Q: 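The structure's right below; bear with me while I get my questions together.
Per chain, numbering begins at 1; letters A, B, ... match sequence-line order. Fair warning: this is a prediction, and the values are worked out from it, not measured in the lab.
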There are 2 protein chains.
Amino acid sequence: MTFDEIDHRLLDTLQRDASRTLQALGEDVGLSASAVQRRINRYRSAGVLARHVAVLEARRTADIVLAVVLVTLERESSGHHDAFAQRLLAVPEVQQAYDVSGDWDYVVVLATIGMARHSELAQHLFKDAPNVKRYTTMFVLDPLRTGTYLPTR
Amino acid sequence: MTFDEIDHRLLDTLQRDASRTLQALGEDVGLSASAVQRRINRYRSAGVLARHVAVLEARRTADIVLAVVLVTLERESSGHHDAFAQRLLAVPEVQQAYDVSGDWDYVVVLATIGMARHSELAQHLFKDAPNVKRYTTMFVLDPLRTGTYLPTR
DNA sequence: TCTGAAAGTTTTCATCC
DNA sequence: GGATGAAAACTTTCAGA
């Protein structure tokens, strides 16, 4: 799928505020509401636009503990990696998980309520997991920016 | 603001799919559409619910380069930190930025289109910044999970 | 204070040109 | 791409628990 200038602007806006009406979006980009609707449907069927979600304010949610954990697995069979990924994805508090290059194998962002729950999860995901070679935890002191914004150009 | 069982279920659902109708949400939790709407408005005015956004599919967006960058600043004046944070937040491709404890000062997630733009930004944000002591870049090979889900209980 | 229902308004959707 | 009418969703209001 190829984007023109208007597509870029629409996708940009939608990623910041998806509660705008088709008409309001149209006024911004100089199109009718119908045309905007057609474009949005096109994004959806092309799989570019995945879903609409509500974003909670971390600072306003009681007792949220955010932590970034770097993980390296044992260098043996590749099956370890699938098993580890499975274990991660089974936990809803695993907010983000990235398979990365470099000194570490995975970057995991944990969002838990309270330190007790964080410890419990860290134990389960990193200490008890048989294939984790080493890991280090960085607690988030201030979430300067959070989000899922992706540029389109 | 204090949550009951229904609030938890609503906030959970809304974070996964905010495109459901008030009526559908109500059927899930056993309330009328009006009652659901009242609760959602309450989340908004309490600042718990920040916004509704569209989420793009990273894998379907052409040439997206995701990278996690760890940064440590010089240990001098605290003004360095504000200046660095400012510089980060001025860049839309800084998808996430966390002030963290531990071996590093900041964790930054960059989402750029293409490696050239990544390098350009890395230069500006980390190489040219006068107060960055060291940084290391981990490129994302596979985004196993991305999102902003926060537990509420 | 919170709920459900109904009325009134806005938005979205599908089809027309 | 724009316009239109029908359907759906949302907002407001009101009476009851």
Q: Figure out the CE/C1' separation between B:Met1 and C:dC2, and round it to whole Å.
A: 13 Å

Q: If you take atom types as modelled and just measure distance, does the side chain of A:Arg39 reach the base of D:dG1 with a donor-acceptor pair under 3.5 Å?
A: no

Q: Heavy atoms only, 4.0 Å cut-off, all strands: where does B:Ser34 land among base, sugar-phosphate and nothing?
A: base

Q: Would you mind reading off the distance between B:Leu22 atom CG and C:dG4 atom C1', rounded to a whole angstrom?
A: 14 Å

Q: Does B:Thr72 reach the main-chain N or O of B:Lys133 with its side chain, forming a donor-acceptor pair under 3.5 Å?
A: no

Q: Tell me which nucleotide among C:dG4, C:dT3, C:dT12 gets nearest to the side chain of B:Arg42.
A: C:dT3

Q: Can you tell which of C:dT11, D:dG1, C:dT3 lies closest to the side chain of A:Thr21?
A: C:dT11

Q: Check A:Arg153 against A:Glu5 and note the closest heavy-atom contact, atom names and distance.
A: NH1-OE1, 2.8 Å

Q: On a heavy-atom basis, which atom in A:Phe84 and which in A:Asn131 lie closest, and how many Å separate them?
A: CB-ND2, 4.0 Å

Q: To the nearest Å, how far apart are B:Arg20 CZ and D:dA9 P?
A: 12 Å

Q: In whole angstrom, give the distance that lies between atom CD1 of A:Ile40 and atom C1' of C:dC13.
A: 12 Å

Q: Can a salt bridge be assigned to the pair A:Asp4 and A:Arg39 using a cut-off of 4.0 Å between side-chain N and carboxylate O?
A: yes

Q: Can you tell me the distance, in whole Å, between the CZ atom of B:Arg38 and the P atom of D:dT11?
A: 12 Å

Q: Please give, in whole Å, the distance from C:dT1 P to B:Asn41 CG?
A: 17 Å

Q: How is B:Gln23 classified with respect to the nucleic acid when contacts are heavy atoms under 4.0 Å: base, sugar-phosphate, or nothing?
A: nothing

Q: Is B:Gln37 near enough to D:dT11 that one of its side-chain N or O atoms lies under 4.0 angstrom from OP1 or OP2?
A: yes

